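For reference, the structure discussed in these notes is given below.
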Amino acid sequence: MNTKPLSVLKYILLLIIAVGLLFLAFRGISVKSILNNLLQAKISWILLSVILSLGAFISRAFRWKLLIEPLGFSPPLRKTTYALMIGYLANLAFPRLGEVTRCGSLSKSESIPFSSLLGTVIIERIIDLFSLFICLLLVALVEYERLENFLALNIVQPLSGKWKQMVHAQYPFIIGILVIVILIFTIFYVIRRPREKSKESKFVKLIDDLYRGLRSLGKLERPWLFLFHSVLIWLLYFLSVYICFFSLPSTSHLGPGAGLLILVVGGLGMSAPVQGGIGAYHLLVSQGLILYGLTTEEGLTFATLIHTLSMLIVVIFGVASLILLFSENKKRVKPS
């Protein structure tokens, strides 16, 4: 089965969803007014936030290097940083492509088995989810009422409203048709799938890669350093958000609790399966800031500032990493 048309269709669908979320976030808001607000931002605080974000990327690259070392390889920090930034760049094109891309980049550059690298990245993702959960618990401790209001306004009430519409309208019939279509498509795909490919299912390969990653985690040579960087990454993420508050008059009065809540809801937005968290990040962060008395326009101004900075960092340093890694690989294979 040719997967290229399916991949293109999925890419277009996700992009449409991202644009839809962006439209939903900016609906009824003057874009010109937001741009004027952004022009008032203080560059010194923005630059400090950028430096902290870059520090988080380097710390993450070093932590990945620590996970790779038990596999019998010791790639230089610059190479893991290059591969990491290339992965983030790839995620802007297609969600979740970055994990595969960064493993492929480092595998080709340092001759490390791809599957082993993928196992370490799977472990990283599990640790990141756990870290985000810890941050969520901290928010629940220091900003319980605001977190409760955020969940009620953005998750519970919308889902409840949609469910009531589905019950009272003819949605069950439509959903039933869709379920039948999906089942028919699934059965057709399983029948058409070659037998040799079914022997090595994606699930089995995922478990194998996960086992490799778990094994590297259990054989860490410097576990305390690994733990230190796991904490440092999220501390730098938090500081980059909190410091950026001071760049705008509308957010300069917000405290660390607000920074922690925005870190969590922003992390959820960036985790959405759309290119670069576009739309989802703007929607969730702006709604989170409304809980602190900001207007929707002020919330979207801050969300746009943070998201744009993140995208610029990824694009600039991702492209630079791609060029540098390609140049080093070319020199390495060049005959003497």
Side-chain angles (χ1 to χ4, degrees), residues 49-91 96 98-138 205-242 260 263-264 267 270-271 313-314 317-318 320-321 324-325 328-329 332:
S49 177
V50 168
I51 291 170
L52 291 168
S53 296
L54 289 174
F57 287 135
I58 294 172
S59 180
R60 181 176 287 277
F62 189 83
R63 188 183 69 171
W64 189 29
K65 172 180 165 63
L66 292 175
L67 266 178
I68 296 170
E69 286 177 351
L71 301 175
F73 302 92
S74 184
L77 178 60
R78 72 178 188 282
K79 292 287 187 73
T80 55
T81 304
Y82 293 161
L84 179 73
M85 296 309 300
I86 292 170
Y88 279 120
L89 183 65
N91 271 337
R96 303 297 168 260
E99 283 78 358
V100 176
T101 304
R102 72 153 152 157
C103 291
S105 300
L106 192 62
S107 175
K108 184 177 179 181
S109 176
E110 294 295 302
S111 301
I112 304 173
F114 176 84
S115 59
S116 298
L117 289 175
L118 190 58
T120 61
V121 172
I122 292 172
I123 291 301
E124 271 202 321
R125 286 290 164 263
I126 293 173
I127 293 172
D128 285 340
L129 284 174
F130 179 74
S131 300
L132 187 60
F133 179 71
I134 294 296
C135 290
L136 181 62
L137 291 180
L138 290 174
K205 191 175 187 306
L206 178 65
I207 294 299
D208 182 60
D209 290 334
L210 182 58
Y211 174 71
R212 291 172 184 268
L214 281 170
R215 191 168 54 185
S216 70
L217 185 63
K219 295 181 179 180
L220 285 172
E221 298 174 4
R222 294 172 283 180
W224 289 108
L225 190 58
F226 181 87
L227 179 61
F228 169 77
H229 279 279
S230 296
V231 174
L232 181 63
I233 290 166
W234 286 88
L235 177 61
L236 290 173
Y237 283 160
F238 162 74
L239 289 175
S240 67
V241 172
Y242 178 61
L260 193 59
L263 173 67
V264 171
M270 293 301 288
S271 300
I313 290 172
V314 168
F317 288 92
S321 297
L324 290 170
L325 189 61
E328 289 196 20
N329 288 346
R332 188 164 62 91

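For reference, positions follow the sequence shown, starting with 1. In this text the structure is predicted, and so the values were computed from the model without any measurement.
Contact record, E99 with R102: O-CG, 3.5 Å, taken as the closest heavy-atom pair. M85 and S321 make their closest contact through CB-OG, 3.5 Å (heavy atoms, listed as atom of the first residue, atom of the second, distance). Between L117 and S107, the closest heavy-atom pair is CD1-N, 3.6 Å. Among all heavy-atom pairs drawn from A56 and L236, the shortest one is N-CD1, 3.4 Å. Of all heavy-atom pairs spanning A61 and T81, the tightest one is CB-OG1, 3.3 Å. Smallest separation of non-hydrogen atoms from V100 and F114: O-CE1, 3.5 Å.
I313 places none of its side-chain heavy atoms less than 4.5 Å from the side chain of Y88. T120 has its side chain within reach of L71: a pair of non-hydrogen atoms, C-beta onward, lies under 4.5 Å apart. In this structure, L84 and K65 have side chains that are not in contact, with every pair of non-hydrogen atoms separated by 4.5 Å or more. Using a 4.5 Å heavy-atom cutoff, the side chains of I127 and F226 are in contact. At a threshold of 4.5 Å between non-hydrogen side-chain atoms, the residues L106 and W64 count as touching. Residues L227 and P223 are not in side-chain contact: their nearest non-hydrogen atoms beyond the backbone lie 4.5 Å or more apart.
Expressed to the nearest 0.5 Å, how far CD1 of I233 lies from CG of D128 amounts to 7.0 Å. Note that CG of N91 and CE of M270 are 8.5 Å apart. Values are rounded to the nearest 0.5 Å. Going from atom OH of Y237 over to atom CG of L260 covers 15.0 Å, rounded to the nearest 0.5 Å. Interatomic distance, F130 CZ to C135 SG, rounded to the nearest 0.5 Å: 10.5 Å. How far OG of S49 is from CG of L54: 9.5 Å, rounded to the nearest 0.5 Å. Atom-to-atom distance recorded for L232:CG and I58:CD1 is 10.5 Å, nearest 0.5 angstrom.
Aromatic rings of F317 and F57 (six-membered ring for Trp) have centroids beyond the 6.0 Å cut-off, not under it.
Side-chain atoms of K79 and S109 include a donor-acceptor pair closer than 3.5 Å.
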Please determine whether side chain to side chain contact (heavy atoms under 4.5 Å, CB included) holds for the pair R78 and L324, giving the CA-CA distance in whole Å, both sets of side-chain angles, and the decisive distance to 0.1 Å. CA-CA 10 Å; R78 72 178 188 282; L324 290 170; over 6 Å; no
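For the pair T101 (side chain) and G87 (backbone), a donor-acceptor distance under 3.5 Å is absent. Under a 3.5 Å cut-off, the side chain of S59 and the backbone N or O of G55 do not form any donor-acceptor pair.
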